[in-house]
Amino acid sequence: MAMEKTFNASEAEPRLTAMWEAQNAFAAGANRSRDESFTIMIPPPNVTGALHVGHAFNNTLQDILIRWHRMRGFDTLWQPGQDHAGIATQMQVEKMLAATQQPSRAELGRQKFLEKVWEWKGQYGGTIVEQLKRLGCSCDWNRNAFTMAGAEGDPRVGHENSPNFHDAVIKVFVEMYEQGLIYRGKRLVNWDPHFETAISDLEVENIEVAGHMWHFKYPLAGGATYTYVEKDEDGNVTLSEERDYISIATTRPETMLGDGAVAVHPDDARYAPIVGALCEIPVGPKEHRRLIPIITDEYPDMSFGSGAVKITGAHDFNDYEVAKRAGIPLYRLMDTKGAMRADGAPYDAAATVALEVSKGLKTLTVSEADALNLVPEELRGLDRFEARKAVVEQITSEGLAVMVSEEFNDEDGETQTRLVPYVENKPIMQPFGDRSKVVIEPMLTDQWFVDAEKVVDPALEAVRSGEIKIMPESGEKTYYHWLENIEPWCISRQLWWGHQIPVWYDAEGHYYCAATEAEAIEKAGGKPLERDPDVLDTWFSSGLWPIGTLGWPEDTDEMRRYFPTDVLVTGFDILFFWVARMIMMQKAVVKEIPFHTVYLHQLVRDEKGKKMSKTTGNVIDPLEIVDEFGADALRFTNAQMAALGGVLKLSKQKITGYRNFTTKLWNAARFAEMHEATGSDGAVPQAEATVNKWIIGETAKVRETVDAALEAYRFNDAANALYAFVWGKVCDWYVEFSKPLLMDADAATKAETQAVMAWVIDQCVILLHPIMPFITEELWGTLGSREKILAHTDWPTYGGELVDAAADAEMNWVIGLIEEIRSVRAQMHVPAGLKVPVVVRDMSAEAKAAFEGNEALIKKLARMDALHGVTTFPKGTAALSVTGAAFGLPLADVIDVGEEKARLEKTLGKLAKEIGGMRGRLSNPKFVASAPDEVVEETRANLAEREEEEGLMKAALKRLEEI
RNA sequence: GGGCGAUUAGCUCAGUGGUAGAGCACUUCGUUGACAUCGAAGGGGUCACAAGUUCGAACCUUGUAUCGCCCA
């Protein structure tokens, strides 16, 4: 049956996917023929996820590595699975509930809500798996894992093979707790007022927004005054005045209510007279104004603002450090929604206690300070941004804002000056939740932390020693930088969807960490206990992905065979979130590295380099691309743009180009099929004809290039080499060369060429399979009856031994001659269909042999008829710039002397430039002395060739001038 | 402010010391028996700038400029 003109991807892809699946072709160990294993853990996409271009890119690279190793006979495992994605999933399900008019999360309660989430997961969690299959991903789908598999409520639908994942997570928490690597503490954390949970530093995005800086006066206690003196650089006094206040600048006036002190730099002479004094927070009921001390600390920047900083330890990370150093109490002002607190005792009672603390009459424990609500009654319950407005208004109306003069035009258009509150409009960096997009509030809360400093050293050492290699290398620098400055990792989340923390509390607030409630009760001596309602950060469990998916803590066969895994392919953006934590946790838990290589890539962007986003409308949907162009085109594009460390710009135009490449390959195969040159047995064919020897050598070269490129994770090099080989060598030259041999040559040559052609096409298909699995598997089946599917076909191992240097040289000369004839024809406007004679003189024996050995090919491809040996060129002959002989096209009738002169002069110009450079180098004794011999030799040989060409061209030009 | 990276053809980008490359776009020609999702032939670059190292620099070093990303 004749092949269609193009590959029908939309018909073939699902059929091939089903075929692979029916054969269980991607099972761990499939096509295994050697002992070494090769394992990749998929970066688990969120269960809420839909395939985007980033997944498509990332998984294409993994699949290339996996298919390549599987064909090479490694014991190969690509472990798939999904991440439960705490916040994202909880958010998604809540949205669904709202959209379908079901009871909300709060109305349902924890138990019922979690049932809904599991139900939702069962329904939609498999979406991404199907999408990855459409891309051709050869994961062992029967092993599909889930980071919450085995957790309470898991109905075990589907086929997760890792019911232990939850047990593994709990076991690790308990062990790390017992080793003192996990602790509970009241610390300042990033609080997300939308989701009402703590989040880690990494989940915060600092974004520059337009903000204001207010300047307020904090009056000194009891109306005290001091002389405020400002000096310039030379020490000359520029300002001296009596002040009864200290000036403070802030971008967050609402937090003034929680101030515990004002800090100035110890070297700041301006405030030296009042250090140790008390000043008044200028907000709240007059009769209960709080007094706070003026202290010194290295933190304030003398040149910034007034040089004095208010210290609100419970709502700012820098202030928190200052407060801790100076023993300043931390007063929390807000509730979980980011509104001003409405709990606790009335303001006057709380303010009275705080005043005693400021005066040193009383000290508070952290929780006593936290219990104190210092929000005045009229602000209680107000949203933090509303409270800000109220505070500013109150201070300003009381005349305690710092005033500056401003020019304005009055009714008559006259310029006047007036005093206005000093408010600077300036960009400020504001923290936002990466999921909720609301302003994050630093908040003092009780949370669980991993003492990262204690587990960081083995992780640093693993990379420093080279045990783990991060590619590109710049990733290692980033890795060191972060790990060397690591902060405690807040791992508790006030969510419901996730691994519930295995800690139970008794009525007195003592807590017991254990794998099960029964064990905890036992530890508590039988007391009734209540479990910590919080769940673990999703990244805590995904940090255990490499071992959890292999059945740890059980001593499984898979753990022994596939762990440590080999390569992790993932985005740069989760280097800290996930990669570093996996290394830390695997090192802490099983004392081994999780993988030896990390391949980091950039974000996939649009063709202009912009981030894809729904609002910009530049999102490319990989599934639409697959529909339109086929998965292979998208995959080839992904591989082609995967330069190490490169920016990834995806464009439809590029994809179209590689879709065209699949058509090209298809048609080369179709040509082979038409000439019964298909279905080799895989053995390298024996060849007599130079052209066949040559293409066998070229094939061997490209196999070596592809292997070397993939070995070095240079996917772009592998893709480009294959593209250049298939299109530029096989299609452009070999298929064309083969035509006279297949159609007009003797039976033996024809048979040989059929065998070589069949082998070459098969090799193209094999070598392209990791990148383009569908079209190649289809061709494999179409072109022959095979013992094994292509995905299980052995990867070739031939190499340089197949390269025949003489054949190589001869074919390069033939190609050069053909190109030169074509070029002269085109420039001399010889009609494309016209066959022309060629004249030659001074032909070397080599050139003669090369010409005669390939006469049929040359004549066909250059559209020439006979070659005439001559002693002198006839008038009007255009000379060819080829070595080994003086060829010419006798074009007396058609030649345009002017054009030919211009052509020759241009060629001579180019030659002169090259020759000049080479002569210059060779005449420099230092070059000859210092450069490697082979470079010198190469230059000499090159120069001789160019000089020969130059001689021919000069002679031709001279003849032309005689006409 | 700190860290990392980039700057090469009109565009998008490869190129780790030895003759500046690819794809796309562009121009001209083409119904030659695989392919018009194609073929042939062309035009197009002071490798950001400056100084240095070297026989030799797009590549190494230093500085400058511009842009990007991450972290404060």
Side-chain angles (χ1 to χ4, degrees), chain A residues 2-3 5-7 201-202 204-206 301 317-318 429 472-478 480-482 485 572-573 575-576 602-603 605 607-609 611 629 633 637 640-641 643-651 653-654 656-675 677 714 716-717 719-721 723-724 727-728 730-732 735-736 738-739 742-743 761 818-819 822-833 835 860-863 906 910 913-915 917-918 920-932 934-936 938-939 942-943 946:
Chain A
M3 287 168 68
K5 267 190 159 182
T6 57
F7 172 56
D201 309 353
L202 292 176
V204 176
E205 290 173 342
N206 288 296
D301 177 352
F317 285 96
N318 288 313
M429 293 302 283
E473 217 183 305
S474 59
E476 296 189 355
K477 291 183 188 168
T478 318
Y480 297 141
H481 190 253
W482 187 68
N485 299 291
F572 226 107
D573 50 333
L575 177 61
F576 308 139
Q602 300 277 343
L603 194 77
R605 295 159 183 281
E607 58 202 307
K608 292 180 198 113
K611 272 190 187 179
F629 300 98
T637 308
Q640 193 276 340
M641 67 181 180
L644 263 172
V647 178
L648 307 174
K649 293 182 189 170
L650 187 63
S651 75
Q653 197 187 45
K654 224 188 278 188
T656 309
Y658 293 115
R659 190 276 318 271
N660 295 353
F661 175 61
T662 65
T663 305
K664 191 74 180 172
L665 172 70
W666 182 263
N667 277 290
R670 195 164 82 104
F671 171 83
E673 194 235 25
M674 285 173 168
H675 293 91
R714 300 172 71 100
N716 56 322
D717 284 354
N720 287 335
Y723 184 95
W727 201 314
V730 176
C731 294
D732 286 352
V735 167
E736 294 306 322
S738 76
K739 285 176 183 173
L742 290 170
M743 292 174 225
I761 297 290
I818 293 168
E819 283 180 335
R822 283 173 173 173
S823 176
V824 172
R825 286 176 63 117
Q827 287 177 69
M828 294 297 114
H829 312 295
V830 177
K835 289 196 173 185
K860 180 160 172 29
L861 296 188
R863 299 197 73 73
K906 201 186 134 204
K910 274 189 195 160
K913 206 178 139 195
E914 284 183 55
I915 289 167
M918 287 189 274
R921 267 185 286 159
L922 286 166
S923 61
N924 180 347
K926 283 187 178 169
F927 170 70
V928 182
S930 347
E934 64 267 26
V935 173
V936 178
E938 205 188 315
T939 310
N942 230 322
L943 177 62
R946 295 288 95 87

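Lettering follows sequence order; numbering is per chain, from 1.
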If we ignore angles and hydrogens, is there a donor and acceptor under 3.5 Å between the side chains of A/R921 and A/N924? no

Listing time: all N or O pairs from protein to nucleotides 27-32 of chain B that are below 3.5 Å?
none

Using Watson-Crick geometry (N1-N3 plus N6-O4 or O6-N4) or G-U wobble (N1-O2, O6-N3), each under 3.5 Å, B/rA48 is paired with B/rU64

Quick one: CG on A/N667 to CG on A/L665, what's the gap to the nearest 0.5 Å? 9.0 Å

Given atom CZ of A/F661 and atom P of B/rG39, what is their separation to the nearest angstrom? 12 Å

Under 30°, 30 to 60°, or over 60°: which ring-plane class applies to A/Y723 and A/F661, parallel, tilted or perpendicular? tilted

Side-chain donor-acceptor pair under 3.5 Å between A/E819 and A/S823, yes or no? no

Which part of the nucleic acid does A/Q827 contact within heavy-atom distance under 4.0 Å: base, sugar-phosphate only, or nothing? sugar-phosphate

Would you indicate what A/R822 reaches in the nucleic acid, counting non-hydrogen atoms under 4.0 angstrom: base, sugar-phosphate, or nothing? sugar-phosphate

Just so I know, are the side chains of A/L603 and A/F572 near enough to count as touching, which here means a heavy-atom distance under 4.5 Å? no

If you find the nucleotide of RNA chain B closest to A/R670 and the one closest to A/Y658, which residue's nucleotide is nearer the 5' end? A/Y658

Along nucleotides 10-17 of chain B, 5' to 3', which nucleotides get a B, which get an S, and which get a -, given that the test is a protein heavy-atom distance under 4.0 Å? --SSSS--

Under 3.5 Å on both distances, the Watson-Crick or G-U partner of B/rA34: none

From the options B/rA34, B/rA41, B/rU19, select the nucleotide whose nearest atom is closest to the side chain of A/V735. B/rA34

Could you measure the distance from the CD atom of A/E934 to the OG1 atom of A/T939? Nearest 0.5 Å is fine. 10.0 Å

Is A/K5 close to A/T663 at the side-chain level, that is, under 4.5 Å between some pair of heavy atoms? no

Watson-Crick or G-U wobble partner for B/rA58, using a 3.5 Å limit on both distances? none

If you look at every strand shown and take non-hydrogen atoms under 4.0 Å, does A/P932 touch a base, only sugar-phosphate, or nothing? base

Dump every N/O contact between nucleotides 70-72 of chain B and the protein below 3.5 Å, one line per pair.
| residue | atom | partner | partner atom | Å |
| --- | --- | --- | --- | --- |
| B/rA72 | OP2 | A/N206 | ND2 | 3.1 |

So which nucleotide from B/rA34, B/rG18, B/rU19 ends up closest to the side chain of A/E914? B/rU19

Using both distances under 3.5 Å as the test, list the Watson-Crick or G-U wobble partner of B/rA14, or none. none

Closest approach to the side chain of A/N667, judged atom by atom: which nucleotide of B/rA41, B/rA34, B/rG18 is it? B/rA34

Any strand, both distances under 3.5 Å, Watson-Crick or G-U wobble: B/rA20 pairs with none

Now, which nucleotide makes the Watson-Crick or G-U wobble pair with B/rA25, with each of the two distances under 3.5 Å? none

Any side-chain heavy-atom pair from A/H675 and A/K739 closer than 4.5 angstrom? no

The Watson-Crick or G-U wobble partner of B/rG1, with both key distances under 3.5 Å, is B/rC71

Rounding to a whole Å, what distance do you find between A/L922:CG and B/rU19:P? 13 Å

Shortest side-chain distance from A/E819, nucleotide among B/rC55, B/rA41, B/rU19: B/rA41

Of all the nucleotides listed (B/rC55, B/rC38, B/rC4), which has the minimum atom distance to the side chain of A/K477? B/rC4

Pairwise 5' ranking along RNA chain B for A/M743 and A/K926, keeping only the more 5' one: A/M743

